[in-house]
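For reference, the structure discussed in these notes is given below.
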Amino acid sequence: MRGAEAKQVCPEIQLVQVPVARGKADLGVYRSAGSEVVSILSRKGRCERASIDEVYLDLTESAETMLAELPLDRLELISEEALKSHVLGLDVDGDNAGESVRKWFLGSDADHRDKLLACGARIVAELRLQVLEEAEFTCSAGIAHNKMLAKLASGMNKPAQQTVVPFSSVKKLLEPLPIKKMKQLGGKLGTSLQVDLGVNTVGDLLHFSEEKLQEHYGINTGTWLWNIARGISGDEVESRLLPKSHGAGKTFPGPRALKTSASVEKWLNELCEELSERLLSDLEQNKRIAHTLTLHANAYKLNDSESVNKFPSKSCPLRYGTAKIQEDALNLFYAGLREYVGSNNIKTKGNQRHGWAITGLSISASKIVAIPSGTHSITKYFHNQVQTHTSEKQSNDIFTQDAAHLSYSGNGSYLRLHSMCPQINTCEEDTRNKYSMPSLNQDEDQNEVRQGLAHIV
DNA sequence: CATTGCCAGAAA
DNA sequence: TTTCTGGCA
Ligand SMILES: [Mg+2]
């Protein structure tokens, strides 16, 4: 329920709010917290940042080392925390009351794979304790022989618990499992399996040959399905602690949809400002630079309710400096808009209505690479870069040096090559609509004036 | 619901 | 190869 609704039912409720900056959610505190946790969890083995609050760890090596160096059968050496693990398949799933778990850790059923798993579980217990002590977050974990099973197990006992999937219990775990519970099968593919093949549990999947699954879903997906039904996933844990892209976006639902280029420019500038800030942080903290700038938008057309086409994403080489990013983003937007309204060669005729409304805007930076480790001066590094990727742009030569410098000093507001409609629309769309019902004509008239695509170069 | 971010596959 | 779309979480 919504916060306001909850407050009526429960006036004492403490509602936690996501911070807002530049008129949008600011997830900075969560990103920081996530990074801190990653820095702890990455201590014992290869670590892949899977999301803002999840990682995969490949602890094979650490576990092998532990197995080689420690006697497994010494109960005193096994931490209380590790012994609190849930171990799937011990007895009849009657929540294994301590004794069987102890026994499993001590013997691990003589199976080398499960001995490794037991060591992995001990390492994970230690890591989770460190997260609790150093970052003051609890977390849950799954320990299994591959990513898919570990992810599945991590969700089985929450919060602040860990679950082990011994090799021998994989079948019994998967067989009755509703297909939609599997990662990647929670959406359309899962629905298709249910509707088109009558597959409701992972066990049902076992009845289909790899070839049959490939017929329905293609070579790769077919093979993938055949494998995951058997608990097989060759998916490697990538060694990556940092995100591969940064983005800033905002949605403008219903009456908040943006209908003037001034408002689009305003919001795009806000989003670009945030992105630019985060890119500089990444540069300072991680010595990485992004190479591609991409704009996504969602839109609908005012007149035809059956607007079939989607607003196309557009990307271009990324130039550092807030003003550069803002300028490039706006150009990308208009490139997309021109396509969207279908005025490619058709010069916007005087009477032609291109009534559009933007319901979502997002700008992102990708192709992020570490600068060569020997690079001492980032400024000089940029000097060498700017020449290479301004290819399609006109002659901003005199600015490129400044731009490189800018990105370092973090000040770029004065750089404005582009002559846009200069006015900032202080009149919020939704505010405006409170006062005047969206008389289509009126809005379109505003579009006519302000949406002119004249500045597209 | 909103704001991310990853990836596979198709298109350019 | 890069760009763009769509799916997924
Ligand atoms: Mg998560």
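Side-chain atoms are counted along with the backbone in the values below, which use heavy atoms only and exclude waters and symmetry mates.
- A:S315 comes within 4.0 angstrom of the backbone, heavy atoms only, and of no base.
- Checking C:dA9, C:dG6, B:dT4 against every side-chain atom of A:K183, the shortest atom distance belongs to C:dA9.
- Residue contacts shown for A:A50 are absent, as no nucleic acid heavy atom lies under 4.0 Å away.
- When each of C:dC8, B:dT4, B:dC6 is scored by its nearest atom to the side-chain atoms of A:A248, the top-ranked nucleotide is B:dT4.
- Between the CG atom of A:N298 and the C1' atom of C:dC4 there is a distance of 14 Å, given to the nearest Å.
- Between A:T251 and B:dT3, a side-chain N or O to OP1/OP2 separation shorter than 4.0 Å is present.
- In this structure, A:R278 reaches the B:dG5 phosphate: one of its side-chain N or O atoms is under 4.0 Å from OP1 or OP2.
- Smallest separation of non-hydrogen atoms from A:L149 and A:A144: CB-CB, 3.5 Å.
- Between A:S51 and C:dA9 there is no side-chain polar atom (N or O) within less than 4.0 angstrom of OP1 or OP2.
- For A:E215 and A:K212, the salt-bridge test passes: some basic side-chain N is under 4.0 Å from an acidic carboxylate O.
- The side chain of A:Q184 lies closest to C:dA9, out of C:dA9, B:dC6, B:dG9.
- Taking 4.0 angstrom as the limit, A:R31 places a side-chain polar atom (N or O) nearer than this to OP1 or OP2 of B:dG5.
- By the 6.0 Å contact criterion, CZ on A:F167 is open, its count of non-hydrogen atoms from other residues, nucleotides or ligands being 12 or less.
- Taking 4.0 angstrom as the limit, A:K250 places none of its side-chain polar atoms (N or O) nearer than this to OP1 or OP2 of B:dT4.
- In terms of phosphate contacts, A:K244 brings no side-chain nitrogen or oxygen within less than 4.0 Å of OP1 or OP2 of B:dC6.
- With C:dT5, B:dC6, B:dT3 as the candidates, the nucleotide lying closest to the side chain of A:P243 is B:dC6.
- One interatomic measurement links the two molecules: CD1 of A:I219 to P of B:dG9, which rounds to 10 Å at whole-angstrom precision.
- With B:dC6, B:dA2, C:dT5 as the candidates, the nucleotide lying closest to the side chain of A:H296 is C:dT5.
- A donor-acceptor contact closer than 3.5 angstrom is absent between the side chains of A:T322 and A:E273.
- Per the geometry, CG belonging to A:L241 stands 16 Å off P belonging to B:dG5, to the nearest Å.
- Phosphate proximity of B:dT4 to A:K24: present, with a side-chain N or O under 4.0 Å from OP1 or OP2.
- Remark: A:K367 is not in phosphate contact with C:dT2, judged by side-chain N or O atoms under 4.0 Å from OP1 or OP2.
- Considering only the side chain of A:L189, C:dC8 comes nearest among B:dG5, B:dG9, C:dC8.
- Neither OP1 nor OP2 of C:dC8 sits under 4.0 Å from any side-chain N or O of A:K188.
- Looking at heavy-atom distances under 4.0 Å, A:I52 makes no contact with the nucleic acid at all.
- Pairing each heavy atom of A:L293 with each of A:A329, the nearest pair is CD2-N, 4.0 Å.
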